[in-house]
Amino acid sequence: MAAAAGVAVDRLVFALNGRRYEAGAGEMDPSMRLVEFIRTRTPFKGTKLGCGEGGCGACVVLIAKYNPETDEVTEFTASSCLTLLYSIHFCSIITTEGLGNTKDGFHAVQERMSGFHASQCGFCTPGMCMSIFTSLINADKSKRPEPSKGFSKLKVSEAEKAFSGNLCRCTGYRPIVDACKSFASDVDLEDLGLNIFWKRSDKNPDVSELPSYTLGGGVCTFPDFLKSEIKSSLEHRNDDYIAASGEGWYHPRSIKEYYELINSCLFRDSVKVVVANTSTGIPGYKDQDLYNKYIDISGIPELSNIVKKESGFEIGAATTISRTIEILKQECESISSPNGSVVFRKLADHMSKVANPFVRNTASIGGNIILAQKYPFPSDIATILLGAGATVCLQVVTERRQITLEEFLEQPPLDPTTLLLSIFIPHWISDYQGETSLLFETYRAAPRPLGNAVSYVNCAFLGLSSVDEQSDTLVLSNLRLAFGAYGTEHAIRAKKVEKFLTGKSLSALVVLGAVRLLRETIVPMEGTSHPEYRVSAAVGFLFSFLSPLARGIPEPGKALTSGWSNSADTDDVRNLPLSSRRETISNDDYKPVGEPIKKYAVELQASGEAVYVDDIPAPKNCLYGEFIYSTQPLACVKSIKFKSSLASAKIIDVITAKDIPCGGENIGSAFIFGDEPLFGDPIAEYAGQALGIVIAETQRYADMAAKQVIIEYDTKGLRPPILTVEQAVANSSYFKVPPELYPTEVGDVSKGMAEADYKIPSAEVKLASEYHFYMETQTALAIPDEDNTLVVYSSSQYPELAQSVIARCVGIPFSNVRVITRRAGGGFGGKAYRSFPVATAAALCAYKLKCPVRMYLNRNTDMVMVGGRHPVEAHYSVGFKSDGRITALHLNLLINAGISPDASPIIPGTIFSSLKKYNWGALSFDIKLCKTNNTSKSVMRAPGDTQGSLIADAIIEHVASVLSLDANSVREKNFHTYESLQLFYPDSAGEASAYTLPSIFCRLVSTSSYLDRAESIKQFNSSNKWRKRGISCVPLIFRVEPRPAPGRVSVLNDGSIVVEVGGTEIGQGLWTKVQQIAAFALGQLWPYGGKGLLDRVRILQADTLNLIQGGLTAGSTTSESCCAATLQACNMLIDRLKPIFYRLQQQSKNVSWDTLISQASRDNVDLSASAYWVPSQYSNKYLNYGAGISEVEIDLLTGAITLLRGDLVYDCGKSLNPAVDLGQIEGSFIQGIGFFIYEEYITNNNGFMISNSTWDYKIPSVDIIPKQFNAEVLNTGYHKNRVLSSKASGEPALVLASSVHCALKEAIRAARKEFANATGSGSSPLEFQMDVPAPMTLVKELCGFNIVEKYLESLSTQECTSRA
C-alpha cells in the first residue's frame, strides 16, 4: 500500500466525509486518536466518545481503504477511540454526517432509525447508524441475488447482529433491531414494530412507504481525488526512513528497516510498536503514559501475507481478526479442503465472539497472541489455536524460527527484538484414512453470547476417534485439550488428561476420571475472581465434549425423552431469532397529543447534528480538567506529587481546595438533607473522592496526567473506615430519615403473627449497587464572563441546584451563574445530584484560571467517582396461612447510603411504597440508613422501588416454596382489595375505578398463555437434565408524585412558537410531549388543528437565568409537569388571542394562524405567557399499575442465561405519545434486567470500584434481550386529575424486570430438585437465597459446582452394578 511510502511518515493525508485533510510531520501528536481529531479539528461532532475502550460503539466510524492494483475499495467499521490518527494515512473516513444531514438530506438508515423510534437520548445513535450502514453495504457487495427495490442483500438473521457491539442504555434495542431489519431482503414488514411509516392496523405494508434505500448504500465511501493521490504516490516513494526528529510516526516497509529503527539511538524509550492499537482499550494494558514515537509494523509484507499450503494456512500476524475469520470461512466453503473444514469453521465461529465487530476489524490476530504471551491476558484466540495445533514463525534479529504455539506461550515475555511474523493453522485428518473421525469443538463461558465480553474460561478440544472392535466403544487418540482464561498465565494443554483418555474405551467411569484429573490441572491463580466457577465450567465443557462419545451417557444438549420434539427446545435457544409484539392505542381526543409521532429532533440525533455539552465548540484558550481521586477510604492526604513522565510535562496547573476563593465553600453537591464537599481536604473520606483537578491543553493530556499522580496517605489517629452496613450498625453510623419521610407501618404485626399457620422466622435478601451507565459521561464546560459571572454548560437533570452549588463554591451570587442544559446523553438519576461536582469543578477552575475549562470524565473516572444505586440488605420474618395468605411481615432494612446523605432519606419511603404492592396483613419494620466510607449512593431510575419490589416478590416466592404452592397463586391471594389498597396507600389510592391491577394481571396471564407455558415448562424440565426453564409473573404498583414546574410559551411574529420548560431532555421524550401539548393547545385557533402547528414549535434548552425554578428532572413526572405548565401558558395565550380571532372571523371565515398572529402583534398583544404549574391536592400523588411475565432458560453446565420471552402490560392512562411511552417501558425493563441479572458492581477491600470499565461492567446488549418481547400499553380512559388523563412511564416498568430474577430462581429450583434427587441429598433444594444481581456465575453456584461429578459418580455406580 502507498501508506508505506517511507518509514518516517512526513505527512498524513486522508478524507473525512469526502473532504481532504492533510497534516505534516510534527503537526499532530502521534498519540492522537482519530476520535479526538474528528471532534476537535473538524466540524463533525456525531462521532461520540463513550468509553475510550472500544467497548460501547459510540465512536464507530466507517474506514474505507483503496487497493490501486485491483481498483477495489473495502469498507469496515472501527473504534475511532482506539484508532491512532497516523494509522489512517490514505484512508477515507465516513461518520454519520457523511451519510446524511440537514443540508443534504438524511440517509435511509437515519430516517428509519428515527421513524422506528429507535433513538431516545440519541448519544449512541450515530455509532448505531454507522454499524448498520456498513453492514448493509458489505452485504450488498456479496454475490447474493438482487433483492427487491428498497431492500438490501442483508438477511434478517444478520440484521440482528449488525450492531452487536454497540451499546444502548435507553431503548432496550428492540426498535433498533426493527429499523435494521427493515432493510433485510427476507423481512416480513408486518413483523416490524411501531413506526411512523404505517399504522399497526394497516394490512400488507409496502417497502415504498419506507425511506428509500439504494442498493450499495448510495454514499461514495472513497473519493476519486484520494484514489488519484494514492496512485501518484506509488510513483514517488521516499527512500529516507530515519527522521531527523526523534518524535513521530514510523512505518517500516521491511523487517530490515524495522530492526534498523529499533536499534537506532532514537528509540531507547517512549516508543510503542503497534498494528492497530486496540490493546489500549483493555484494562490492565492501557497506556500509562504518553508516547511520542510509534512504529507501525502493519506495512511489513511478511506480517500481512496469507499463504495457503497443502498442510494448512499461514496467516500473517498483522492480519485482522475479521480477515482471519473471512479466510477460514472461505476455506470451509472450498471444495478442495473438506477434511479441514470442521476445524476452520469452528475456529471462525469462535473468533466471531471475540471482542466486537469494530474491534475485530482492526485488531490483529498476532497482537492478540502477543498479549497472551506477554501478560496473563484471557485470550480466546490463543486457546483455540493451541487446541488446533497452531505453530508460529518468529523473527529474532537475523534468525527465523518456527515453534509451536505452546512453546511460544511458555517463553519469557517478548521484547521488541522479536517479531511474530505469522501463525500457521494446520489442516487436520488429511493424512488419516479409514475409520477415524476428526473431533474438534471450542467453548467459552462469557457474560454475553455474541462476544464483547471476556471469557471466564475458554477451551478447544481436538482429537481422533475410532471404534474399538473388541469393546465396540469409541476410543480417542491424538488429543489436544486446551484451556485458557480461567486465571492462568496463558492457555495450557491438559496433558495429563490427554494421556489418561488416550486409548481408553469411553465410559462414565473414564469420563469421571478425566474430570477429576482436570480439576487437579485447572488451578486459577490467587486473586482470580470466581475461581470455583471457572473450574466447574471447564469441567462442564470437557463433559460436553466427551459424553456424546461415551457409552451410557446421554448427550447434554439433547432431551432425555423422544416425546419432547419442539425444535425451539432442543436447539441452542441463544440462536433463536428475535420477535416482538407491541400493542398501543392512540388517543384521538387531543390531537396531536396521543399520537405516536417521532421524537423531537430525532433526525438530528441520527445525523450527529444534535448538540450535547461536549459538542459545543471549545472557546479560544480553553483548557481541560480531570479529577485526581483518592484510592483510600479514610486517610489524611499528606502530599500530591506526580511521576516524571511525558504526561506530567503536559500539566498546566493543579487545582485543589486551597484554590477555592475567599468567601467560597468547599462544596461539590447539595440537597435539602445536607451538603457534600468538592474535595477531600485534608482527609479523604472514601475511595473515589476528588482531591484535586489536573489542568492540561487537551482532555487526553489531562486524563493521562492524572494517571501520573502519587498520593501519600496517613491513617495515624483515624478510626478504621466503615465500608459495610454491618460495620455501620456496629458503630451506630446512620443518617436520619425525617419523620415526614419515614414510611407508615400498617396493622398489628404481633397479632398477625399469632394468626399465622406457618412462620418463616428469619431470612434475608441482598441487593448490590448498580452504576447508571449513561452513554455520555459526566461533562461540563465553564466559561468566565463579564462582571464576575460564569456560564456553565452542564449535562444535568437539575440545572437549578447546580447553579446554587457553583455559586456557593466560588462565592458569588446565584444571579452570576448561568447553567444551561440543552440535552443529556442519558441520565437515569446519575445526572441529578452527581452531576454537580463536575460542573462545580469546571466552574472553579475557570474562575481561578480566568479562561474556559471543560471537563469530560473518562468512563473509568466516572464509574469510580459517581456512585450508583443503593445497596440494600433486607432481613425479614413473615407469618402466613396454609393457603398462602400472608398475615404479617416484619422487615429489618439496612441501606448503604455512602458518605453523604444526598437523596438517601427518600429511599426508605420508595422501598416500602413498592413493597406495599401486596397486602401483608400487618407490616412493621426497622430502617437503618447507614453512613459508610463509600461513594455517595444516589437516585437511580426507580430508586428504592426497584429494591422494594424484588424484596416483596422474594418473600412471596419463599412462602410459596415452603407451602409447595405455585408462586402466582400466592401472589394473587395477597393482592389488595380496594379497601386494603386505601389502608396501605392512604394518600394516593385514588378512586376504586382507577385500581386496575387485578384486571391487568388477569389480562396478562390470559394473553401470554401463562398457564399453558407453565405446564409446558414442567414437561421441558422433566425431559432435560442439563437445561432448565422458569417462568414468573410479577405485579407493579408504583407511586407517582408530580412536582411543580415552570413553562413559558412565546409566539413570534412569523407564527413560529418557542417553548421553554424547566425540565431537561435526557432521552425520555419530554420535548416531544411538550411539542405535542403546545400544538394541541394553540391548535384550537388553527384551521387545520394542532397537527399543523407541530413543525412550528421549537423547544429551548433549560437556562437557569431564563426560566427560574426549573426543578429536578426525575421521578417519571417531569414530562407531565412540564406539559401541564405548557398547557397553562398556552391557555393564557388563547385567552388573549380569542377576541382577535373572533373579530377577524367576522371579516373572513377562514382565519389563518399567520394572519391571527400578525394582527395580534399589531394590536400590541403580549404573545409570551409564563406559568408555574403546581399540582393540586387531587393530582399530587397517584398510583401506576402494570404486570410482567418472564421466561428464562439456564444451562446447568455453565450457568448461561437465555431470556426466552418477556410480556408486559402497563397502564399509561391516556398516553401523551404511545411511541415514547412504549420506548420508555421497554427500555426501562431491559435496564432492570441489567440490575437484577448482569451488572456486577464490584469493589475492593477499600470500597474502590474495580469493575470500572466496559470490559468488567456488563450492561444488557442486544444479544441478551428476550427472544420474544411483547409489550402492551393500556389506555385506561379518563383521569380527571391527570394531565390530559396521562400517567408516568419512564421508571415503573424497570421494576417489572424482577420477574426475570424470579423466573431464574424457578429454573434454578428445578435444577436443584433434579440433582438433589439424583444424588440422594437429604437437604431441601427448594429453599435458597439468591441475591441481586444473579449473573451466570451465581446461577452455576446455586445449581452446584460439582453436579457433573455427582452425575458421573451415579452413572459409574450403575455401570459397576450392571456388570456385577
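Only a predicted model underlies this, so the values are computations on that prediction, with no experimental measurement involved.
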Original post:
Between Y86 and W249, what is the ring plane arrangement, given parallel below 30°, perpendicular above 60°, and tilted in between?
Top reply: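 Aromatic pair Y86/W249 classed parallel.
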
**OP:** Mind telling me whether Y21 and F14 have parallel, tilted or perpendicular rings, with 30° and 60° as the class edges?
**Re:**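 Parallel.
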
Kindly indicate whether a cation-pi arrangement holds for [X] with [Y], taking the cut-offs as under 6.0 Å to the six-membered ring centre and within 45° of the axis.
{"X": "K272", "Y": "Y294", "result": "no"}
{"X": "K831", "Y": "Y774", "result": "yes"}
{"X": "R859", "Y": "F773", "result": "yes"}

Original post:
Any Lys/Arg nitrogen of R41 or E27 sitting under 4.0 Å from an Asp/Glu carboxylate oxygen of the other?
Top reply: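 The answer is no: the pair does not qualify as a salt bridge.
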
Original post:
Below 4.0 angstrom, N of the basic side chain to O of the carboxylate: do R33 and D287 qualify?
Top reply: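 Salt bridge flag = yes for D287 with R33.
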
Subject >> More than 12 heavy atoms of other groups within 6.0 Å of I1108 CD1 >> reply: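 For I1108, atom CD1 is not crowded (no more than 12 foreign heavy atoms under 6.0 Å).
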
Original post:
Is the number of heavy atoms from other residues, nucleotides or ligands under 6.0 Å of K641 NZ greater than 12?
Top reply: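 Check fails, neighbour count at 12 or below.
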
Short side-chain donor-acceptor distance under 3.5 Å, [Y] and [X]:
{"X": "S607", "Y": "E609", "result": "yes"}
{"X": "S936", "Y": "S900", "result": "yes"}
{"X": "N1106", "Y": "E1060", "result": "yes"}

Original post:
Applying side chain to side chain donor-acceptor pair (under 3.5 Å), which residue pairs with at least one partner in residues 782-793 are found, sequence neighbours left out?
Top reply: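 Pairs touching residues 782-793 that pass the test: N788-Y847.
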
Original post:
Can you check whether Q110 reaches C129 side chain to side chain, under 4.5 Å on heavy atoms?
Top reply: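 Of all side-chain heavy-atom pairs linking C129 with Q110, at least one is under 4.5 Å.
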
Original post:
With sequence neighbours left out, which residue pairs that include part of residues 686-701 fulfil the salt bridge (Lys or Arg N to Asp or Glu O under 4.0 Å) condition?
Top reply: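 Listed once each, the pairs are D29-R700, E36-R700.
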
Original post:
Just one of K45, R39, R822 clears the salt bridge (Lys or Arg N to Asp or Glu O under 4.0 Å) bar with D615, so which one?
Top reply: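 Among K45, R39, R822, the one meeting salt bridge (Lys or Arg N to Asp or Glu O under 4.0 Å) with D615 is R39.
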
